[in-house]
Amino acid sequence: MTSWTEELTRARLHVVSGKGGTGKTTVAAALALALATGGRRVLLVEVEGRQGIAQLFDRAPLPYSEERIASAPGGGEVHALAVDAEAALLEYLAMFYNLGFAGRTLRKMGAIEFATTLAPGLRDVLLTGKVKECVNRTGPDGRHLYDAVVLDAPPTGRVVKFLDVTKAMADLAKVGPIKGQSEGVVRLLHSGDTAVHLVALLEEMPVRETLDAVADLDGADLRPGAVLVNRVQPVRLPARSLPVAAEGRLDESRVRAGLQTAGLDLDEFTVEGLVDETVEHAIRVQSQQEAKELLGESDLPTLELPDLTDGVDVAALYELAETLVAAGVR
């Protein structure tokens with residue numbers, strides 16, 4: 001496991017993506033808690049309408065407003081925002097065109113759905129535009145309101161299109177507020193202030209999709225951050241025993257003798273079960289090691305998070321955050 005880098009510490013927008021089923025939202029929440037540790041203020045944002053953050057923190061669905069959802073060690077705070085494209089468009093119309101009342105009328109007429117259907121990229125522009133506003137917002141003292149923003153982004157198969165759509169919209173809109181908004185988002189997402197982290201499992205398909213995503217990010221001039229390997233299972237066998245166990249060449253009589261030496265006189269059925277579990281564990285460990293070697297091709301910082309056998313609750317999020325802090329996240 002490699003460590004968080006100084007370059008990543010300087011980033012202010014941390015985009016978290018990953019193949020479906022890798023625990024992307026869980027890792028994003030843990031990262032937000034880790035970044036808030038030590039007294040910092042962090043905003044955790046979701047854009048897919050799933051209310052995944054509320055479920056993780058065992059809260060009611062989040063409204064379209066920034067809500068404080070957790071404290072972090074050292075006096076830090078995590079706030080959360082579920083961005084809704086329709087609400088973002090109304091906010092945008094009110095901000096740039098002074099169409100607050102007219103915007104509400106447009107919503108009743110279904111014009112917002114029509115607009116985002118006519119220009120599909122507009123929805124992503126609105127979502128990323130709101131994220132940019134949160135990253136850049138300052139308080140009365142001129143300092144940024146949030147020390148960092150963590151974005152729970154779409155899965156790896158869609159994340160590059162989601163992040164780069166503002167560039168396409170900037171090309172379409174030649175003048176006016178939409179052009180300025182798009183250019184501002186492009187500058188942020190393609191700058192050193194943004195890092196795109198990828199959540200992976202130590203399995204062949206998620207690893208290959210992660211490597212594909214790294215190549216796609218590089219091709220779009222978006223900066224890959226770290227690979228956050230989730231659900232890593234501990235190795236419970238010495239290295240010299242792994243190949244033998246993985247090939248099923250365990251001597252059951254020796255296993256039984258070893259158990260008896262340890263004071264465990266087990267029946268034959270139980271010993272057979274333990275041998276089978278040992279073989280399965282060895283095969284799984286070898287598979288993890290092969291996936292880890294393949295993942296090394298990304299040449300990115302790689303941080304490992306443990307497999308939580310009891311499931312994910314709020315306490316587990318803090319446990320994962322502690323692991324990330326120990327790996328240098330700050």
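What you see below is based on every heavy atom in this structure, not just the backbone, and it leaves out hydrogens, waters and symmetry mates. The residues of the chain are indexed from 1 along the displayed sequence.
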Visitor: Taking atom CZ as the centre, does Arg236 end up with more than 12 heavy-atom neighbours from other residues, nucleotides or ligands that are less than 6.0 angstrom away?
Guide: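 Count not over threshold, so no.
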
Visitor: Tell me if a side-chain donor or acceptor on Glu203 pairs with a main-chain N or O of Ala291 at a distance below 3.5 Å.
Guide: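 Judged by distance alone, no pair lies under 3.5 Å.
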
Visitor: Could I get the full list of side chain to side chain donor-acceptor pair (under 3.5 Å) partners for Ser71, not counting sequence neighbours?
Guide: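 By the side chain to side chain donor-acceptor pair (under 3.5 Å) rule, Ser71 matches Arg68.
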
Visitor: More than 12 heavy atoms of other residues, nucleotides or ligands under 6.0 Å from CG of Asp299: is that the case?
Guide: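 Count not over threshold, so no.
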
Visitor: Do the side chains of Arg284 and Glu280 get close enough for a salt bridge, i.e. N-O under 4.0 angstrom?
Guide: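 No.
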
Visitor: Between Glu66 and Arg137 (salt bridge meaning N to carboxylate O under 4.0 Å), is one present in this structure?
Guide: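 The answer is yes: the pair qualifies as a salt bridge.
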
Visitor: Side chains of Phe57 and Glu67: closer than 4.5 Å at any heavy-atom pair?
Guide: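 Not touching, per the 4.5 Å side-chain cut-off.
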
Visitor: Would you confirm whether Ser17, through its side chain, and Pro154, through its main-chain N or O, come within 3.5 Å as a donor-acceptor pair?
Guide: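 Here the side-chain-to-backbone pair exists.
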
Visitor: Does Asp141 have more than 12 heavy atoms from other residues, nucleotides or ligands lying within 6.0 Å of its CG?
Guide: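 Atom CG in Asp141 is packed in, count exceeds 12.
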
Visitor: Is there side-chain contact between Val329 and Leu303, with heavy atoms separated by less than 4.5 Å?
Guide: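 Yes, side chains in contact.
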
Visitor: Is there a side-chain contact between Val135 and Thr194 (heavy atoms, below 4.5 Å)?
Guide: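 Result no, sub-4.5 Å side-chain heavy-atom pair not found.
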
Visitor: Would you say that Glu290 contacts Glu204 through its side chain, given a criterion of any heavy-atom pair below 4.5 Å between the two side chains?
Guide: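 No, too far: nothing below the 4.5 Å cut-off.
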
Visitor: Tell me whether Arg330 is salt-bridged to Glu6, with the criterion being a basic N under 4.0 Å from an acidic carboxylate O.
Guide: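 Looking at Glu6 together with Arg330, the answer is yes, because their closest N to O distance falls below 4.0 Å.
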
Visitor: Under 4.5 Å between any side-chain heavy atoms of Pro73 and Leu33, yes or no?
Guide: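 No. Closest side-chain heavy atoms not under 4.5 Å.
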
Visitor: Could you check if a side-chain atom of Leu81 sits within less than 4.5 angstrom of a side-chain atom of Leu43, using non-hydrogen atoms only?
Guide: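 SC-SC contact between Leu81 and Leu43 confirmed.
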
Visitor: Would you say the side chain of Val47 lies within less than 4.5 Å of the side chain of Asp152, judging by non-hydrogen atoms?
Guide: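 Not in contact.
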
Visitor: Could you tell me whether the side chain of Thr210 and the main chain of Pro206 form a donor-acceptor pair under 3.5 Å?
Guide: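 Yes, the answer is positive, given that a donor and an acceptor are paired below the 3.5 Å cut-off.
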
Visitor: Does the side chain of Asn230 come under 3.5 Å of the side chain of Thr22 through a donor N or O and an acceptor N or O?
Guide: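 No - no donor-acceptor pair under 3.5 Å links their side chains.
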
Visitor: Tell me, which pairs form a ring-ring contact (aromatic ring centres under 6.0 Å, His included) where one or both residues lie in residues 187-225, sequence neighbours left out?
Guide: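 Sorted pair list: Trp4-His197, His14-His197.
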
Visitor: Assess, by modelled atom type and distance only, whether the side chains of Thr302 and Glu304 contain a donor and an acceptor separated by less than 3.5 Å.
Guide: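 No, because no side-chain N or O of Thr302 sits under 3.5 Å from a partner of the opposite role on Glu304.
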
Visitor: Give a yes or no on whether a salt bridge exists between Glu48 and Lys24, defined as a side-chain N under 4.0 angstrom from a carboxylate O.
Guide: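 Yes.
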
